[in-house]
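Contents: one structure, followed by commentary.
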Amino acid sequence: MSISRFPTFAAALLVAVVSLFHVQSLSAATVAPQKAKPVVSILGDSYSTFDGYVPFGNAVWYETRPSKKTDVFDVKETWWWQLISRGGYILGVNDSYSGATISYTGYSGADYSDRSFITRLPRLGSPDIILIFGATNDSWAGVKVGEYAYGKFSGALLYDFRPAMARLLEEAINRYPGTEIYFIINDGLRDDIVESITEVCRHYSVPFIQLHDIDKMSNHPSKAGMKAIADQVLEVIGK
């Protein structure tokens with residue numbers, strides 16, 4: 001190559017490099033950014049526990065140690081792990097507590113305000129979706145349903161189910177604006193508990209998912225039951 005032609009060659013090379021950079025920049029700009037996976041937090045009772053996956057100090061039902069009370073010994077067999085995995089979600093917080101009630105009343109009339117769903121509600125992080133799976137222990141413990149009371153949440157009223165349920169949903173809506181909230185209803189609960197849940201959910205326009213045909217051991221979901229819960233909940237929230 002002659003020295004006299006070098007400036008022309010250098011200029012052409014520069015133009016080619018600039019053009020290539022421009023094309024690559026346009027290509028990168030046209031690639032759509034990946035949509036972030038929705039974060040799901042869970043507020044539950046024993047049905048949603050697993051040792052090591054709930055806050056320290058929360059009582060659990062499910063764990064890796066073999067037991068005759070259940071055939072679920074792997075966290076991947078829980079309904080919520082299956083839902084997160086299959087649905088393409090990210091697990092936020094699972095604040096589930098075995099034996100917990102929505103109301104402040106527990107078994108034998110004990111005060112369960114320290115572990116109630118209302119008390120644990122603020123601990124769910126910053127989720128896109130909240131799944132509340134409760135009222136089983138309220139049903140089993142014989143908690144009184146009381147009267148419907150919206151916006152009237154004195155301490156005494158919260159020992160009855162209906163005012164406690166209303167307080168839970170109202171606070172969930174106010175505390176987590178823009179978050180999708182669903183209430184999961186166990187099968188086999190008292191009729192007055194189910195009626196109360198559906199009425200309060202409708203009042204606050206919170207969708208509810210009524211489970212059915214859940215296989216259980218010791219009144220808790222078995223492996224098959226866990227899969228059925230995941231299937232039924234995904235069918236609703238996946239839409």
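Ion pairing of K76 with D74 is absent here, as no side-chain N (NZ or NE/NH1/NH2) approaches a carboxylate O to less than 4.0 Å. D231 and R86 are joined by a salt bridge, as a carboxylate oxygen and a charged side-chain nitrogen come within less than 4.0 angstrom of each other. Here D160 does not pair with K144 in a salt bridge; the nearest charged N to carboxylate O distance is not below 4.0 Å.
Between W61 and S218, the closest heavy-atom pair is CZ2-CB, 3.9 Å. In plain terms, the two heavy atoms of Y47 and N219 that are nearest each other are OH-O, 2.6 Å. Scanning all heavy atoms of the two residues, the minimum distance from A164 to S103 falls at CB-CA, 3.5 Å. Residue G125 comes nearest to Y176 through the heavy atom pair O-CE2, 3.4 Å, listed as atom of the first residue, atom of the second, then distance. Smallest separation of non-hydrogen atoms from A149 and L157: CB-CD1, 4.3 Å. Listed here is the closest heavy atom pair of L83 and A230: N-CB, 4.3 Å.
Listed by first then second residue, pairs satisfying side-chain hydrogen bond (donor to acceptor under 3.5 Å, both in side chains) with a partner in residues 206-215 read D215-S222, not counting sequence neighbours. Residue pairs meeting the side-chain hydrogen bond (donor to acceptor under 3.5 Å, both in side chains) criterion with at least one member in residues 122-136, sequence neighbours excluded: T136-N186.
Partners of R162 according to the salt bridge (Lys or Arg N to Asp or Glu O under 4.0 Å) rule, which considers only residues two or more places apart in sequence or in another chain, do not exist here. Under the rule for a ring-ring contact (aromatic ring centres under 6.0 Å, His included), the partners of Y204 that lie at least two apart in sequence or sit in another chain are Y150. In this structure D45 satisfies the salt bridge (Lys or Arg N to Asp or Glu O under 4.0 Å) test with no other residue, sequence neighbours excluded.
Put simply, the side chain of I229 reaches to within 4.5 Å of the side chain of P221, judged on heavy atoms. Residues W80 and N94 are in side-chain contact: their nearest non-hydrogen atoms beyond the backbone lie under 4.5 Å apart. Side-chain atoms of M217 and D71, non-hydrogen and from C-beta on, do get closer than 4.5 Å to each other. Using a 4.5 Å heavy-atom threshold, the side chains of Y53 and N58 count as separate. At a threshold of 4.5 Å between non-hydrogen side-chain atoms, the residues E77 and Y62 do not count as touching. With a 4.5 Å cut-off on side-chain heavy atoms, E199 and Y148 count as touching. The shortest side-chain heavy-atom distance between M165 and D138 does not fall under the 4.5 Å cut-off. When side chains are defined from C-beta on, I214 counts as touching Q232, because their heavy atoms get closer than 4.5 Å.
With hydrophobic clusters built from ILVMFWY side chains whose heavy atoms lie under 4.5 angstrom apart, F117 does not share a cluster with V233. Hydrophobic clustering of Ile, Leu, Val, Met, Phe, Trp and Tyr side chains at less than 4.5 Å, counting indirect connections, unites Y89 with W79. Residue V200 is grouped with residue I193 when hydrophobic side chains (ILVMFWY) are merged at heavy-atom distances under 4.5 angstrom, including chains of intermediate members. Transitive grouping of hydrophobic side chains (ILVMFWY, heavy atoms separated by less than 4.5 Å) brings L91 and W81 into a common cluster. I197 and V143 fall within the same hydrophobic cluster, where Ile, Leu, Val, Met, Phe, Trp and Tyr residues are linked whenever their side-chain heavy atoms come under 4.5 Å apart, directly or through other members.
Using the six-membered ring where Trp is involved, H220 and W140 have ring planes that are perpendicular, over 60° apart on the 30 and 60° scheme.
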Working note: D111 + Y159, criterion side chain to side chain contact (heavy atoms under 4.5 Å, CB included); need CA distance, chi angles, decisive distance, verdict. CA-CA 8 Å; D111 190 323; Y159 287 86; 2.7 Å; yes
Applying side chain to side chain contact (heavy atoms under 4.5 Å, CB included) to I129 and L131, what does each step give before you reach the verdict? CA-CA 7 Å; I129 300 171; L131 301 178; 4.0 Å; yes
Kindly indicate, with the supporting measurements, whether the criterion side chain to side chain contact (heavy atoms under 4.5 Å, CB included) is fulfilled by L43 and F133. CA-CA 6 Å; L43 185 63; F133 191 180; over 6 Å; no
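With values rounded to the nearest 0.5 angstrom, I130 atom CD1 is found 10.5 Å from L169 atom CG.
When only modelled atom types and interatomic distance are considered, T101 and N137 share no side-chain donor-acceptor pair under 3.5 Å. At a cut-off of 3.5 Å, with distance as the only test, a side-chain donor of S116 or T119 sits close to an acceptor on the other residue.
The hydrophobic cluster around V39 extends to I90, counting ILVMFWY residues whose side-chain heavy atoms fall within less than 4.5 Å of a member.
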